[in-house]
There are 2 protein chains.
Amino acid sequence: MISNSYQRIKELLVESGLKATHPRIAVLHELTKDEHPSAEQLHEKIREQNPSISLGSVHRILEKLVEANLAYRVATRSGTKRYDANLEPHSHIYSVNTEEIQDYHDPELNELIRDYFEKKQVGNFKITDIKLQINGEKADPDQQVTIL
Amino acid sequence: MISNSYQRIKELLVESGLKATHPRIAVLHELTKDEHPSAEQLHEKIREQNPSISLGSVHRILEKLVEANLAYRVATRSGTKRYDANLEPHSHIYSVNTEEIQDYHDPELNELIRDYFEKKQVGNFKITDIKLQINGEKADPDQQVTIL
DNA sequence: CTCGGTGCAAATTATTTGCAGACGT
DNA sequence: ACGTCTGCAAATAATTTGCACCGAG
């Protein structure tokens, strides 16, 4: 199950009304592989294959992708923006000690929470999505976190 | 129920092993009143009463308070750090259009989620807390969001 | 008196923007 | 060819830090 070929990424861009330029393909491609990177981190990775793409452009492209709903910003406490191209509704596991952010997808829990809020009266606010933020510490920083 | 007198704030600082200096009292006092401000916003407010306190110090003090568990950083997507002195476990309602962050306290829901995770097997990770992030848009930006 | 705390300004880090040229459609 | 996109570098924003002085305990 290859996640996203270059061809697929081009399609995504075009469908969203963006020109499928090389820098954009590179950013979106890397973004689908990486785990919630910052612009800086993405730039590092991209420049390995593609030294000419500038950091400023990575910033601009990321904001474009957010605008086009091909990615979104991940909330962090660190003061630097981080991005995610995983568009499925999902929550995040945040490791305080390693600054890592891991996806956590749990349809059962989603539904539980959604049901809960259906019963609530929320005034003057249109809820677009509800996410969990699961904070804690990795025991072994080099190992993955597992949830069964 | 006055939330926090100067006297109480002094106590908090001292109990946490921090000297109760005027700048710290001012920051913590303002932080308990304000709604998730940034260092910059706090500095604006504080300087009205206390023009000599520098922005750099506000930054330093806020980090000290976090370290001492008298406040914490609020996760945002905006790339600027924001702080909160409300130590009760609570979640946040985030208005995308106004950048506002509002507290949302719901013991029933907390318990629901906690129970849910008790049944899960989480490996290599010690959960310290689980927060909801309720994202959406304020219908009327000038009115409060209400949840019954 | 002794440190830790602070003001100030400079340094660092992160992001945005203006502009001229390059490139995708 | 056209208008958008990009590289580059300079501008702006946000945070951190060095240093000399101040003040609470």
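Since this is a predicted model, take the numbers as computed values, not measurements. Each chain gets a letter, A, B and so on, in the order the sequences are listed, and its residues count up from 1.
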| request: Write down the distance between NE2 (B:His43) and C1' (D:dA14), rounded to a whole number of angstrom. | output: 14 Å
| request: Please check the phosphate of D:dT16 (OP1 and OP2 only) for any side-chain N or O of B:Lys81 closer than 4.0 Å. | output: yes
| remark: Result for 5'-nearest mapping on DNA chain D, choosing between B:Thr21 and B:His59, is B:His59
| query | Quick one: is A:Ser57 getting a side-chain N or O under 4.0 Å of the D:dG7 phosphate, OP1 or OP2? | reply | yes
| request: State whether B:Tyr72 and B:Lys131 meet the cation-pi test: NZ (Lys) or CZ (Arg) under 6.0 Å from the six-membered ring centroid, and within 45° of the perpendicular axis. | output: yes
| Hey, is the side chain of B:Arg60 pairing donor to acceptor with the base of C:dG4 inside 3.5 Å? | no
| message | Could you tell me if A:Tyr116 and B:Asp106 have a donor-acceptor pair between their side chains, going purely by distance under 3.5 Å? | response | yes
| query | What is the distance, rounded to the nearest whole Å, between atom CD1 of B:Ile61 and atom P of D:dT17? | reply | 16 Å
| task | Starting from C1' on C:dA14, measure out to CD on A:Gln41 and report it in whole angstrom. | result | 13 Å
| said: Can you see whether A:His22 engages A:Asn50 through a side-chain donor-acceptor pair at a distance of less than 3.5 angstrom? | reply: yes
| request: Please determine, for the side chain of B:Ala39, which listed nucleotide (C:dC8, D:dT15, D:dC8) has the closest atom? | output: D:dT15
| task | Measure from CD on A:Glu63 to P on D:dT6 and round the result to the nearest Å. | result | 14 Å
| remark: Looking only at C:dG7, D:dA24, D:dT4, the nucleotide nearest the B:Lys19 side chain is D:dA24
| field | Side-chain N,O (A:Arg24) to OP1/OP2 (D:dT4) below 4.0 Å | value | no
| task | Could you tell me whether A:Ser38 contacts a base, only the sugar-phosphate backbone, or nothing, with contacts defined as non-hydrogen atoms closer than 4.0 Å? | result | nothing
| Test item: side-chain donor near acceptor, A:Gln133 and A:Asn135, under 3.5 Å | yes
| message | Please classify the nucleic acid contact of A:Ala20 as base, sugar-phosphate, or nothing, using heavy-atom distances under 4.0 Å. | response | sugar-phosphate
| field | Test item: side-chain donor near acceptor, B:Gln102 and B:Tyr94, under 3.5 Å | value | no
| request: Report the distance from atom CG of B:Leu65 to atom P of C:dT6, rounded to the nearest whole Å. | output: 10 Å
| field | Separation of atom CG in A:Leu55 from atom P in C:dA14, rounded to whole Å | value | 10 Å
| said: Expressed as a whole number of angstroms, how long is the span from B:Leu18:CG to D:dA24:P? | reply: 16 Å
| said: I want to confirm an ordering. Mapping B:Arg82 and A:Gly56 to their closest nucleotides on DNA chain D, which one lands closer to the 5' end? | reply: A:Gly56
| query | C:dT15 phosphate, OP1 or OP2: any side-chain N/O from A:Thr80 under 4.0 angstrom? | reply | no
| How close or far is atom P of D:dA14 from atom CZ of B:Arg73, stated in whole angstroms? | 16 Å
| field | Minimum-distance nucleotide to B:Lys64 side chain [options: D:dG7, C:dG5, D:dG3] | value | C:dG5
